[in-house]
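What follows is a set of notes on a single structure, which appears directly below.
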Amino acid sequence: MPKKTSSSRRVLVTGGAGFIGSHTVDQLLAENVDVLVVDNLATGRIENLDAACTSPSFRFEQIDVTHSGTLSRILEAFQPHAIIHLAALVSVQESIENPALNFKRNVLATQTIIDAAQRGMVENIVFASSAAIYGDNPELPLQESAKKQPLSPYGGAKLASEALLLAAANTYKLKVTANRYFNVYGPRQDPKSPYSGVMSIFLDRFAQGVAPIVFGDGQQTRDFINVQDVARMNVLATKSNQSGFNAVNVCTGKSTSLLDILDELRLHFPDAPETVFKEARTGDIIHSLGCPNSARELLDFTASISLREGLAQYLQSTTRSSALLR
Ligand SMILES: NC(=O)c1ccc[n+]([C@@H]2O[C@H](COP(=O)([O-])OP(=O)(O)OC[C@H]3O[C@@H](n4cnc5c(N)ncnc54)[C@H](O)[C@@H]3O)[C@@H](O)[C@H]2O)c1
């Protein structure tokens with residue numbers, strides 16, 4: 001267990017070996033926070049925590065967050081001031097095929113975290129929610145108050161978790177920030193995963209000299225946010241003084257089409273093969289865009305990394321680690 005000092009802040013990160021989690025851990029450690037990661041390594045990778053493992057303020061426990069007894073014992077020993085709850089079943093497709101597992105990992109897990117938090121000295125809970133709770137909603141840019149119409153058990157579970165956290169904030173006087181991430185991209189996103197972000201899949205194909213595949217005409221748009229910005233927002237939220245429950249979009253407010261991304265990537269891979277267009281997939285959302293104002297007003301958060309800069313950094317890091325060239 002990282003050594004406790006009276007002045008050090010302690011943060012528990014569930015799912016800390018994953019894509020967003022590991023960047024969040026790196027930023028917490030850079031702020032001299034004591035960090036404990038719990039992760040069952042279902043989709044996360046211990047290599048994502050290579051840098052963190054060199055810090056004396058870091059500790060890792062391979063456990064499932066739904067194991068309430070083990071989690072409670074760990075929390076009692078560590079006494080975190082804040083919990084960043086990122087552990088989840090992250091595949092929309094898997095949530096459709098196995099809704100019971102989705103319920104366990106995405107709803108029951110949230111309740112387990114709440115139960116453990118309210119028994120300890122936790123002040124802030126930061127929850128990884130998702131733009132998936134809005135579904136295919138034409139009221140763009142999406143405000144937090146927009147109608148919630150999730151299109152999958154995954155989106156439904158994120159919404160249900162928000163409801164449980166709202167009740168917990170009111171019942172136990174916890175401060176809760178539900179960060180509704182839009183499309184997150186950046187290093188350590190696994191392109192081999194069947195549910196990975198489009199950015200890592202395109203990048204992987206370009207790096208291998210294989211044609212990128214676009215379903216539909218490529219005019220569909222997303223609000224892409226760099227993982228470093230997302231991690232910064234997670235860290236900010238652990239220090240929030242806002243009382244009760246607050247849900248905020250974590251987005252840039254900028255719309256980018258798949259064709260725009262391909263154009264940007266072709267600057268780095270001028271000899272890449274032509275794009276292959278296939279029939280649009282049923283159920284795909286055409287446009288998604290968030291309104292970033294609440295995050296700025298409540299937590300002084302504005303995404304600072306442009307897509308061009310973020311992609312260039314992403315490319316640099318992948319050529320260094322050659323993770324995309326396996
Ligand atoms: N990546 C995105 O664009 C995006 C968008 C919206 C929301 N989110 C949410 O952000 C969070 C992090 O996502 P990510 O993209 O980093 O995915 P990820 O798969 O890289 O990270 C999830 C981590 O949780 C761990 N985990 C899963 N179930 C667990 C359990 N029961 N007990 C302990 N650990 C468990 C996995 O091993 C993994 O390390 C998730 O809650 C996801 O739903 C991500």
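One-based numbering, in listed order, for ligands and for the atoms of each. Just so it is clear, the values below take in all heavy atoms, side chains as well, and ignore hydrogens, waters and symmetry mates. As the structure is a prediction and not an experimental result, all values here were calculated from the model.
At least one heavy atom of I63 sits closer than 4.0 Å to an atom of ligand 1. Taking 4.0 Å as the cut-off, T66 does not count as a neighbour of ligand 1 on heavy-atom distance. Taking a 4.0 Å cut-off on heavy atoms, A42 registers as neighbouring ligand 1. Taking a 4.0 Å cut-off on heavy atoms, S129 registers as neighbouring ligand 1. Not a single heavy atom of A109 sits closer than 4.0 Å to an atom of ligand 1. Residue contact check for ligand 1: T14 places no non-hydrogen atom closer than 4.0 Å to it.
Of the options L89, L49, V184, the smallest heavy-atom separation from atom 4 (C) of ligand 1 is shown by V184. The heavy atom nearest to atom 32 (N) of ligand 1, considering only T110, V65, V250, N183, is found in V65.
Taken together through direct or relayed side-chain contacts under 4.5 Å among Ile, Leu, Val, Met, Phe, Trp and Tyr, L307 and V214 form part of one hydrophobic cluster. The hydrophobic clustering, which links ILVMFWY residues whose side-chain heavy atoms are closer than 4.5 Å, places I20 and I133 apart.
For the pair G18 and ligand 1, the shortest N or O to N or O distance falls below 3.5 Å. On a distance-only criterion, Y181 and ligand 1 share no N/O pair closer than 3.5 Å. When only interatomic distances are considered, the shortest N/O to N/O separation between G44 and ligand 1 falls below 3.5 Å. At under 3.5 Å, not a single nitrogen or oxygen of R45, backbone or side chain, sits near a nitrogen or oxygen of ligand 1. For a threshold of 3.5 Å applied to N or O pairs, the pair formed by A131 and ligand 1 contains no separation below that value.
One finds a salt bridge joining E61 and R59 here, because a Lys/Arg side-chain nitrogen approaches an Asp/Glu carboxylate oxygen to under 4.0 Å. Here D284 pairs with R281 in a salt bridge; the nearest charged N to carboxylate O distance falls below 4.0 Å. With salt bridges taken as basic N to acidic carboxylate O contacts below 4.0 Å, none links E139 and K147. Using a cutoff of 4.0 Å between basic side-chain nitrogens and carboxylate oxygens, R9 and E31 are not scored as salt-bridged.
The salt bridge (Lys or Arg N to Asp or Glu O under 4.0 Å) check on D26 picks up R188, with sequence neighbours excluded.
The distance from ligand 1 to the heavy atoms of L41 drops below 4.0 Å at these ligand atoms: 37 (O). Proximity to Y154 (heavy-atom distance under 4.0 Å) selects the following atoms of ligand 1: 7 (C), 8 (N), 9 (C), 42 (C), 43 (O). Ligand-side atoms of ligand 1 in range of G15: 23 (C), 24 (O), 25 (C), 39 (O), range being under 4.0 angstrom from any heavy atom. Counting the atoms of ligand 1 from 1 in the order shown, those under 4.0 Å from a heavy atom of F182 are 3 (O), 5 (C). Close approach of ligand 1 to R105 is summarised as follows: ligand atoms under 4.0 Å from at least one heavy atom of the residue are 28 (N), 31 (N). Close contacts of ligand 1 with L86, meaning ligand atoms under 4.0 Å from a residue heavy atom, involve 11 (C), 12 (C), 40 (C), 41 (O). Within ligand 1, counting atoms from 1 as listed, the ones closer than 4.0 Å to a heavy atom of A17 are 39 (O).
Partner of Y134 under the side chain to side chain contact (heavy atoms under 4.5 Å, CB included) criterion, chosen from I285, N249, L159: N249.
Between A169 and F245, the shortest heavy-atom contact is CB-N, 3.7 Å.
A donor and an acceptor atom, one from each side chain of S72 and R119, are located under 3.5 Å apart.
Contacts with ligand 1 closer than 4.0 Å are made by side-chain heavy atoms of K158 only, the backbone lying farther away.
Residues R266 and P212 are in side-chain contact: their nearest non-hydrogen atoms beyond the backbone lie under 4.5 Å apart. By the 4.5 Å heavy-atom criterion applied to side chains, F127 and L164 are not counted as neighbours.
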**Q.** Trace of the salt bridge (Lys or Arg N to Asp or Glu O under 4.0 Å) decision for D229 with R232
**A.** CA-CA 5 Å; D229 276 328; R232 186 164 55 84; 3.0 Å; yes

